[in-house]
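Proteins get letters first, then strands, A, B, ... in listed order; numbering begins at 1 in each.
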There are 2 protein chains.
Amino acid sequence: MNIEKKKRLERSGWTVGGAADFLQLSPEEAKFIELKLALAAAVREQREKRGLTQTALAAQLGSSQSRVAKMEAGDHSVSLDLLIRALLTIGAGSADIARWIKRADSTRAA
Amino acid sequence: MNIEKKKRLERSGWTVGGAADFLQLSPEEAKFIELKLALAAAVREQREKRGLTQTALAAQLGSSQSRVAKMEAGDHSVSLDLLIRALLTIGAGSADIARWIKRADSTRAA
DNA sequence: ACTCGCTATGTCCAATATGACATAGTTGTC
DNA sequence: GACAACTATGTCATATTGGACATAGCGAGT
């Protein structure tokens, strides 16, 4: 995991892992976060692709613009559940989601 | 979605959707639940494959046996986050998870 | 520079998820 | 059928997540 990514995580408010060290994440934690970030990116990508504003998506989703913003920012206060629900709401199917998740793997190989 | 599946959902404590009708779920809600069930099944499958007890997995995961049981039962009180964390802990990679998620699609086509 | 439409960030309180525990049920062995 | 090992279910206190709101930032058009 490179420096840029760490910065991104720090900005998003992650204080992962019980270990004292700054951002000393276990392999599982790392994968989990990568996964969330991949889906966060997918949400933004798909939303924009369909020409929706954050507010519009929020409405469809029964949520609020700020939540959507946080989702796309990969904020630590948003769960996988919400990300996936957002993607499903946007119109994605399980296969699409699977694809985006798989993509999280290649990101790892930087 | 067939009757058996509904029964399974009811047993797991789902009272989905705002609509009054009994288990009247929107397509997105349905997909979301299918997805959770697919992962729940994957957890059980993988755990057993590695000869772990629920208690053992719980320990590795920093959780408790009862949570693992609920996970595998597809209880409504367990989040996607936990399911995925469990799978990662068991040793799955993003690609595996993607595969199980994709599998949720075929289930749909009953 | 002002406004407008969109996005970002921070903070609330309510809602939901979590680990822990207790307890019941199941399955296999003797 | 008693015991042991494992799994299922219920409940609770605490922690995390969620929607809402306020407000700040930002780019484009005028």
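- For A:R44, the salt bridge (charged side-chain N to carboxylate O under 4.0 Å, His left out) partners are A:E72, not counting sequence neighbours.
- The CD atom of A:E72 sits 6 Å away from the P atom of C:dA8 (whole-angstrom rounding).
- To the nearest 0.5 angstrom, A:Q54 atom CD is 4.5 Å from A:R47 atom CZ.
- A salt bridge links A:E45 with A:R103; the closest basic N to acidic carboxylate O contact falls under 4.0 Å.
- At whole-Å resolution of the value, CG in A:D75 and P in D:dG19 are 13 Å apart.
- Distance CD (A:Q54) to P (D:dC26): 15 Å, rounded to an integer number of Å.
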I'd like a list of close polar pairs between nucleotides 17-24 of chain C and the protein, N/O only, cut-off under 3.5 Å.
residue : atom : partner : partner atom : Å
C:dT18  : OP1  : B:S79   : OG           : 2.6
C:dT18  : OP2  : B:S77   : O            : 3.2
C:dT18  : OP2  : B:S79   : N            : 2.9
C:dT18  : OP2  : B:S79   : OG           : 3.4
C:dG19  : OP2  : B:S63   : OG           : 2.7
C:dG19  : N7   : B:R67   : NE           : 3.0
C:dA20  : OP2  : B:S63   : O            : 3.4
C:dA20  : N7   : B:S64   : OG           : 3.3
C:dC21  : N4   : B:S66   : OG           : 2.6

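- Two residues are said to be in side-chain contact when any heavy atoms from C-beta on lie closer than 4.5 Å; A:I97 and A:L88 meet this criterion.
- Scanning for salt bridge (charged side-chain N to carboxylate O under 4.0 Å, His left out) contacts around A:E48 gives an empty result, with sequence neighbours left out.
- For residues 52-68 of chain A, the set of pairs meeting the salt bridge (charged side-chain N to carboxylate O under 4.0 Å, His left out) definition, not counting sequence neighbours, is empty.
- A:Q46 has its side chain out of reach of A:L52: every pair of non-hydrogen atoms, C-beta onward, lies at least 4.5 Å apart.
- To the nearest angstrom, C1' of C:dC6 lies 11 Å from CD of A:E48.
- Following rounding to the nearest Å, A:L80 (CG) and D:dT17 (P) show an atom-to-atom distance of 10 Å.
- When the local axes at the two ends of the helix from C:dA1-D:dT30 to C:dC30-D:dG1 are compared, using 5 base pairs at each end, they differ in direction by 40° after rounding to 10°.
- Partners of B:D96 under the side chain to side chain donor-acceptor pair (under 3.5 Å) rule, at least two apart in sequence or in another chain, are B:R99.
- B:R47 has a side-chain polar atom (N or O) that falls below the 4.0 Å cut-off from OP1 or OP2 of D:dT7.
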